[in-house]
> 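Below you will find the structure I want to go over with you.
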Amino acid sequence: MKNNAKFQKAAAITAFIAVALVLIILIICPLVSILSKSFITDGKLDWSNLVSLFSDSGYLETIGNSLLLGLSVTVISTVISLPLAFLFSRTKLAKLKWMDIIFMIPFMTPPYISAMGWTKFLAKRGYLQQIIPAITNSQNFLYSFWGLSFIMALHVFPFMYTMMKNALLNVPSALDEAAAVSGGSFFYRLRRVYAPLLLGNYAIAAILVFIKTLSEYGTPAVIGNKIGFYVFTTSIHNYTSISPVNFGMAAMLSVVLTLLCFILWLAQNHLTNKKTYKVVSGKGVRVNYIKMPWYVTVLAWIYIAAVLITAIGVPYFSVIATSLLEKVSRGLSLDNLTFANYAELFSSGSQGLEAISISLELALLSATIASVLGIIICTLSRNKKRKYNKVLEATGMLPEMLPSIVLVLGIMLFWNSLYNVIKVYNTLTIMVLAYTALFLPYSIQYITSAFTQFSDNLPLAGRITGGSKPYVFMRITLPLIAKGIITGWMMIFIISFRELVAASMLEPTNTYVISTYIWRQFEQGSSQLGMCMAVICLIITVVVLIVVRLLTEREKKSRRK
């Protein structure tokens, strides 16, 4: 018995050390590489990058552009999401649960694909001008600051919508009814009842949208670069990929971006803990739906339709239409539609088919490795006697607080410095490592959530009845957390499958994955093939989104029972 206990303890310590080493290599070492590259040149402390950052107007403009873009996208997202959140939480429209899946499609759609769709729609002689010839200057809006902000807001507004809808569902109807009985009008109640209760939740959602905007690369690269509007992500990417390469300045901008995001994360945590109202008591929350006059209902559906058309209809129409065109120059016409582009994409030995194969391989490996790491980290973290195991969970969640491009740059610098010893740089292996590090938080989050849904008494009962720890884990714990593992795996798979930033910076020479194939075809004028690939990517994204949503809903129903 004692020998068995010693063996299990030794196995736990070994697992902790092994996972700690993996996390150090995947996450900590790349971050240290960024810091050292920012302030060290040829082995000596060098402050020139920091001085240039605050003395060169170009760098200051990049910082100002990023902050201004983050603010404008947050404001536009607010205007779009708050009415939707109210309609689908406080009116009879809340019964339409399937609409939540629809509204998540823009968020799950790769932003660079949506941006490409919008360029096809609004560009000169684009689809809008072909459909309505009287419109001749739509490209002026597309290639402008407000066009960029609007298109980015269409990607992130579902995030704010979901958070504000959940917050509204937790506001008891009794509070609204009390104000109404006292003579308060609808707008008075919005201002004096709902606004104070939701201000903290809104601030949290706004900060997270701001962070996501600062971290976004795809849309600023597609549209912002065309108008000379450079932000953190596009500048970092340009410094690492366009001659003359300047890794030192890219690292310095990464440090500044990370500090900004970290400060915003701290503000979000402070608001979560101190500035939100507790409106849910042990009695539960009763929500009575507000009755809308028929004309308000009509206006509400017009607004919903307008949002869905702009967020989903336009980019999806543009992508699908482009994929079916025989020649782009001939425009939209029935005799110009063909499926030959898809046949070429899937023809044997084609570059597109190879890109799909490589993307599938990378996504499968990354999702599986991240899921295994997530299982080990979460299992070790459940041991309350060894609180140091929580360090593993905190380290694994670190990429969640970092812009993707920052960690990717760190991975590039770290493995490039080891190239003479370990030849990982410029291989597919480095992409697997990058995807695993970037998306490990998804696995940890979903598995942790699954762990919290059952009592510790179940595994303890298995131990009391004579089961060993491995037996209890395999027969009791693992089946209980299986849905969390599968959901996390699916999320990592789909995001890795279409990821752009890491792929564009780390993919080996003369190798394409789905995202870079789409990007290169779009840039080189072969947009039909690129959009064919985008359609495949969108179909897989939507299917996986629906499956994950159904799993989540089924899990919620089982918890209620």
> Should L31 and I27 count as side-chain neighbours, where that means a heavy-atom distance under 4.5 Å?
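Side-chain contact under 4.5 Å: yes.
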
> Mark yes or no for whether S138, through its side chain, and L122, through its backbone, hold a donor-acceptor pair below 3.5 Å.
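Yes.
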
> Do the non-hydrogen side-chain atoms of V314 and L154 ever get within less than 4.5 Å of each other?
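V314 does not reach L154 side chain to side chain.
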
> How are the rings of Y342 and F339 set relative to one another: parallel (under 30°), tilted (30 to 60°) or perpendicular (over 60°)?
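Tilted.
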
> Indicate yes or no: at least one non-hydrogen side-chain atom of F145 is less than 4.5 angstrom from one of L69.
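Yes, at least one pair of side-chain atoms sits under 4.5 Å.
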
> Distance check, rounded to the nearest 0.5 Å: L324 atom CG versus L334 atom CG?
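So the gap between those two atoms works out to 11.5 Å.
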
> Heavy atoms, side chains only, cut-off 4.5 Å: are L93 and I304 in contact?
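A side-chain contact under 4.5 Å exists here.
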
> Can you classify the ring geometry of Y127 versus F317 as parallel (below 30°), tilted (30 to 60°) or perpendicular (above 60°)?
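Y127 and F317: perpendicular rings.
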
> Would you say F414 and L26 make side-chain contact, with heavy atoms under 4.5 Å?
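Result no, sub-4.5 Å side-chain heavy-atom pair not found.
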
> If only atom types and distance count, is the side chain of T91 paired as donor or acceptor with the main-chain N or O of L87 below 3.5 Å?
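It does hold such a pair.
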
> Do Q521 side-chain atoms and Q528 backbone N/O form a donor-acceptor pair below 3.5 Å?
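It does not hold such a pair.
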
> Considering residues at least two apart in sequence or located in another chain, which fulfil the salt bridge (Lys or Arg N to Asp or Glu O under 4.0 Å) criterion with E326?
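Only R330 meet the salt bridge (Lys or Arg N to Asp or Glu O under 4.0 Å) criterion with E326.
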
> Quick one: does NZ or CZ of K212 land under 6.0 Å from the six-membered ring centre of F210, within 45 degrees of the ring axis?
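Judged by the rule (NZ or CZ under 6.0 Å from the ring centre, within 45° of its axis), K212 is not positioned above F210.
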
> When you measure from the side chain of S318 to the backbone N and O of G117, does any donor-acceptor pair fall under 3.5 Å?
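Confirmed, S318 side chain pairs with G117 backbone.
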
> With no hydrogens and no angle check, is any side-chain donor or acceptor of T448 less than 3.5 Å from a backbone partner on Q445?
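The answer is no, because no donor-acceptor pair under 3.5 Å joins these two groups.
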
> Would you please say whether a donor-acceptor pair under 3.5 Å links the side chains of S504 and H237?
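Checked: S504/H237 side chains pair up, N/O donor to acceptor below 3.5 Å.
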
> Do S443 and W489 meet the criterion of a side-chain donor-acceptor pair at a distance under 3.5 Å?
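No - no donor-acceptor pair under 3.5 Å links their side chains.
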
> Strictly distance-based, threshold 3.5 Å: is any side-chain N or O of S366 a donor or acceptor partner for the main-chain N or O of A363?
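Pair absent, no side-chain N/O of S366 close to backbone of A363.
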
> Decide side chain to side chain contact (heavy atoms under 4.5 Å, CB included) for R498 and S515; before the verdict, give the C-alpha distance in whole Å, the side-chain angles of both, and the deciding distance to 0.1 Å.
CA-CA 5 Å; R498 84 297 169 82; S515 58; 5.6 Å; no

> Closest heavy-atom contact between S496 and Y435?
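Reported closest heavy-atom pair: O-CE1, 3.8 Å.
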
> With the side chain counted from C-beta on, respond yes when I113 and C537 share a heavy-atom pair under 4.5 Å apart, and no when they do not.
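In short, these two side chains touch, coming nearer than 4.5 Å.
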
> Is a side-chain N or O of S66 found less than 3.5 angstrom from the main chain of F232, in a donor-acceptor match?
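Present.
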
> So does Y239 get a backbone contact from the side chain of N246, meaning a donor-acceptor N/O pair under 3.5 Å?
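The answer is no, because no donor-acceptor pair under 3.5 Å joins these two groups.
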
> Using atom types as modelled and distance alone, determine if a side-chain donor or acceptor of N336 lies under 3.5 Å from a backbone N or O of G331.
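Checking the backbone N and O of G331 against the side chain of N336, a donor-acceptor pair under 3.5 Å is found.
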
> Nearest 0.5 Å please: distance from the CG atom of L353 over to the OG atom of S347.
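Spacing of CG (L353) from OG (S347) equals 7.5 Å.
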
> Considering only heavy atoms from C-beta outward, does the side chain of L67 approach that of L260 to under 4.5 Å?
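Sidechains of L260 and L67: in contact.
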
> Are the aromatic ring centres of F103 and F88 under 6.0 angstrom apart?
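Under 6.0 Å, so yes.
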
> Any idea how F439 and Y442 line up, ring-wise: parallel (<30°), tilted (30 to 60°), or perpendicular (>60°)?
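Ring orientation of F439 relative to Y442: tilted.
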
> Report yes or no: does S359 contribute a side-chain atom to a donor-acceptor pair with the main-chain N or O of I514 at less than 3.5 Å?
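Here the side-chain-to-backbone pair exists.
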
> Any chance the side chains of S235 and Y59 put a donor and an acceptor closer than 3.5 Å?
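No, no side-chain donor-acceptor contact under 3.5 Å.
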
> Among I76, V75, V156, T78, whose side-chain contact (heavy atoms from CB on, under 4.5 Å) with V209 holds?
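When I76, V75, V156, T78 are each tested with V209, the side-chain contact (heavy atoms from CB on, under 4.5 Å) holds only for V156.
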
> Is the shortest side-chain heavy-atom distance between L84 and Y303 below 4.5 Å?
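A side-chain contact under 4.5 Å exists here.
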
> For K124, does the NZ atom sit with more than 12 other heavy atoms under 6.0 Å from it, leaving out its own atoms?
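At most 12 heavy atoms, drawn from other residues, nucleotides or ligands, come within 6.0 Å of this atom.
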
